[in-house]
Amino acid sequence: MDTGIGSLSSCKPPCNDVGSPPNGAAAAIQGSGPAPAVVASPDSTMGRHIAHRLVQIGVTDVFAVPGDFNLTLLDHLIAEPGLNLVGCCNELNAGYAADGYARARGVGACVVTFTVGGLSVLNAIAGAYSENLPVVCIVGGPNSNDYGTNRVLHHTIGLPDFSQELRCFQTVTCFQAVVNNLEDAHELIDTAISTALKESKPVYISISCNLPAIPHPTFSREPVPFALSPKLTNQMGLEAAVEAAAEFLNKAVKPVMVGGPKLRVAKASEAFVELADACGYAVAVMPSAKGQVPEHHPRFIGTYWGAVSTAFCAEIVESADAYIFAGPIFNDYSSVGYSLLLKKEKAIILQPERVVIGNGPAFGCVLMKDFLKALSKRVKRNTTAYENYHRIFVPDGHPLKCEPKEPLRVNVLFKHIQDMLSSESAVIAETGDSWFNCQKLKLPQGCGYEFQMQYGSIGWSVGATLGYAQAVPEKRVIACIGDGSFQVTAQDVSTMLRCGQNTIIFLINNGGYTIEVEIHDGPYNVIKNWNYTGLVEAIHNGEGKCWTTKVFYEEELIEAIQTATGPKKDSLCFIEVIVHKDDTSKELLEWGSRVSAANSRPPNPQSRYFWGRV
């Protein structure tokens, strides 16, 4: 795919002598004839170019941990007026923050140091890769003079080989650039950043520590904004796919639509709604697509998650004689241990650039959003599935009100969280029972929602909450985090306070890794209890706006929420909720037993699984 990637990208010296002079000054580009040489101004530096590029693509906050190999680069990022450098407590959280930021802004960035920082952030970058998030991961690398030598450097494993970090990043990024000379730095940096945007995946850029501040002619002009060539649909393939799909759906009696997580990367959420409006089908979402489809849609029926779907949703989806899955990911978690009652011959599977109808035919080079829009003009309106749902639907009951001084129950907690939601809020759900409790929340129009289902790294939500709140300061983030997950990444509550964020964190203290208990119990699932409010108070240390409280009963919870949304609405509010260790959602109990069964299958090399039963 052709891409315009900035200014002067061809301004390399026409001679073979492209090294910098020994004194470190930049070489002038030699022109032909009497034309004067291009002389680099003191501001024509790689560091300034990177800073300008990040601002151009929509990044106004960069999450960083300083280290000796990236300090000069950080100086240039700080000097950029449109860029705010957010110092994090550790690299893992910096990566998680860039992940959360990318979910809200469309792209994120983090800066760490060589190897010790790179390998620490690697887990977060892998998660961003799994979720199709464009994150620019910049690592301060060794001095350019050390490449090709036999020297052993600090921050390495003690070998004169600097490629270990690069090799680790190759499988979790879509492009890797090692910038250890100024002549091709412009091209490598611009190619990396533009590739992240085109592929919607993380990229890795290693910058030699001695290069960011050296002027060079290739950076002598302001970078021209990217002109990324859009991906195009094969029109003949589109027509054939739409014709086959329309024929498939128009003969169905009760078809349904299910949105999947790849609606985001395909930028197809609006097209999905356009088709839903036209066809009249019942509309559901997979759990990892919650927030991608408006829940106020008149024919929205909830989350389809097999045996743990929201009420009456699975019955409608699994009894349908045709279903469109737009951007699904069928893994062991989303299929509840491979137990979905679906049949492939009834399904139209849409991927961002591919359409598969039943057991065939398949059509490539067809963009999902183009397909959905074209299909909306060819499909017959059919509201049968939604009418069936409407007939069997019974409104949710309400949890029993707690008696005075009765220990607080989880379902009561989420009843009150539901009442807090509005278009000015966003929900971050941590891996664990919050997955299931937050799935049952009904999102008002404009309410954000994020969780990390494919990768499922516990502790993700602390950094992601930091990044998401920094990206959309107009929304108040409500984070639901279990105590076990919080212990992994708690430090960056400190950074939230430094940034003046007013997030509300519900720390659900049930004494351990409850989601693991329901899959396979053991003493390793019990954790050391912390004084969580005391910890946050210690982190606060009188600097910034922070309010903490610990609640045991419903009446205390009500009072805490009133305080957090009233007098302390401009403060970071940390509410520790004490619940019984066995107080879980019914969905987790069902899901855990099915995932446990899938995990414990005996070896059978001839066994092959689809997303339904064997």
Side-chain angles (χ1 to χ4, degrees), residues 126-127 130-131 256 258 260-261 284-290 302-320 323 325 328-347 349 410-411 429-440 451-460 482-485 508 510-527 579-614:
S130 75
E131 300 276 328
V256 298
V258 183
V285 293
M286 298 183 74
S288 47
K290 188 176 178 69
T303 298
Y304 174 65
W305 199 354
V308 295
S309 301
T310 50
F312 309 105
C313 181
E315 291 83 353
I316 296 301
V317 172
E318 293 180 343
S319 66
Y323 14 77
F325 277 87
I329 295 178
F330 294 106
N331 61 27
D332 50 341
Y333 275 16
S334 66
S335 67
V336 198
Y338 311 110
S339 65
L340 302 183
L341 299 179
L342 300 174
K343 294 184 177 179
K344 189 176 180 181
E345 60 268 22
K346 294 182 179 181
I349 305 296
V410 171
N411 57 10
E430 176 58 84
T431 300
D433 198 23
S434 291
W435 274 4
F436 303 92
N437 288 302
C438 289
Q439 278 294 326
K440 292 182 282 189
F451 80 130
Q452 189 197 58
M453 184 171 187
Q454 173 59 40
Y455 200 57
S457 183
I458 66 169
W460 162 85
D483 50 348
S485 296
I508 303 169
N510 54 14
Y513 300 123
T514 302
I515 191 170
E516 313 292 0
V517 168
E518 302 308 331
I519 296 173
H520 184 98
D521 200 6
Y524 32 76
N525 289 324
V526 179
I527 63 175
V579 297
H580 192 276
K581 67 181 182 66
D582 294 325
D583 185 359
T584 69
S585 64
K586 71 180 184 64
E587 290 82 8
L588 174 56
L589 298 175
E590 175 72 25
W591 180 89
S593 63
R594 290 174 182 259
V595 169
S596 175
N599 286 353
S600 58
R601 286 169 290 145
N604 180 2
Q606 297 179 342
S607 174
R608 297 188 65 187
Y609 278 78
F610 183 50
W611 18 270
R613 297 185 183 278
V614 179

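Just so we're clear, the structure is a prediction, and the values are computed from it rather than from any experiment.
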Residues forming a side-chain hydrogen bond (donor to acceptor under 3.5 Å, both in side chains) with [X], sequence neighbours excluded:
X	answer
H520	Y524
S485	none
T514	N510
N525	none

With [X] via side-chain contact (heavy atoms from CB on, under 4.5 Å) - residues at least two apart:
X	result
K346	Y323, K343
A597	none
S130	Q454, Y455
T303	V285, P287, W305, T310, Q439

Exercise for the section: Determine the minimum heavy-atom distance between I519 and N599, stating which atoms define it. Expected result: CG2-ND2, 3.9 Å
Practice task
Return the set of residues passing salt bridge (charged side-chain N to carboxylate O under 4.0 Å, His left out) with E518 (not counting sequence neighbours), or none when no residue passes.
Solution key: none
Handout entry: Pairing residues for E318 by the salt bridge (charged side-chain N to carboxylate O under 4.0 Å, His left out) criterion, not counting sequence neighbours
Key =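 For E318, no residue satisfies salt bridge (charged side-chain N to carboxylate O under 4.0 Å, His left out) once neighbours in sequence are set aside.
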Problem - Donor on one side chain, acceptor on other, S434 and N437, under 3.5 Å - result: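 No, no side-chain donor-acceptor contact under 3.5 Å.
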Handout entry: For Y304, all residues meeting ring pair (Phe, Tyr, Trp, His ring centres under 6.0 Å), sequence neighbours excluded
Key = none
Problem - Ring centres under 6.0 angstrom apart (W591, Y333) - result: yes
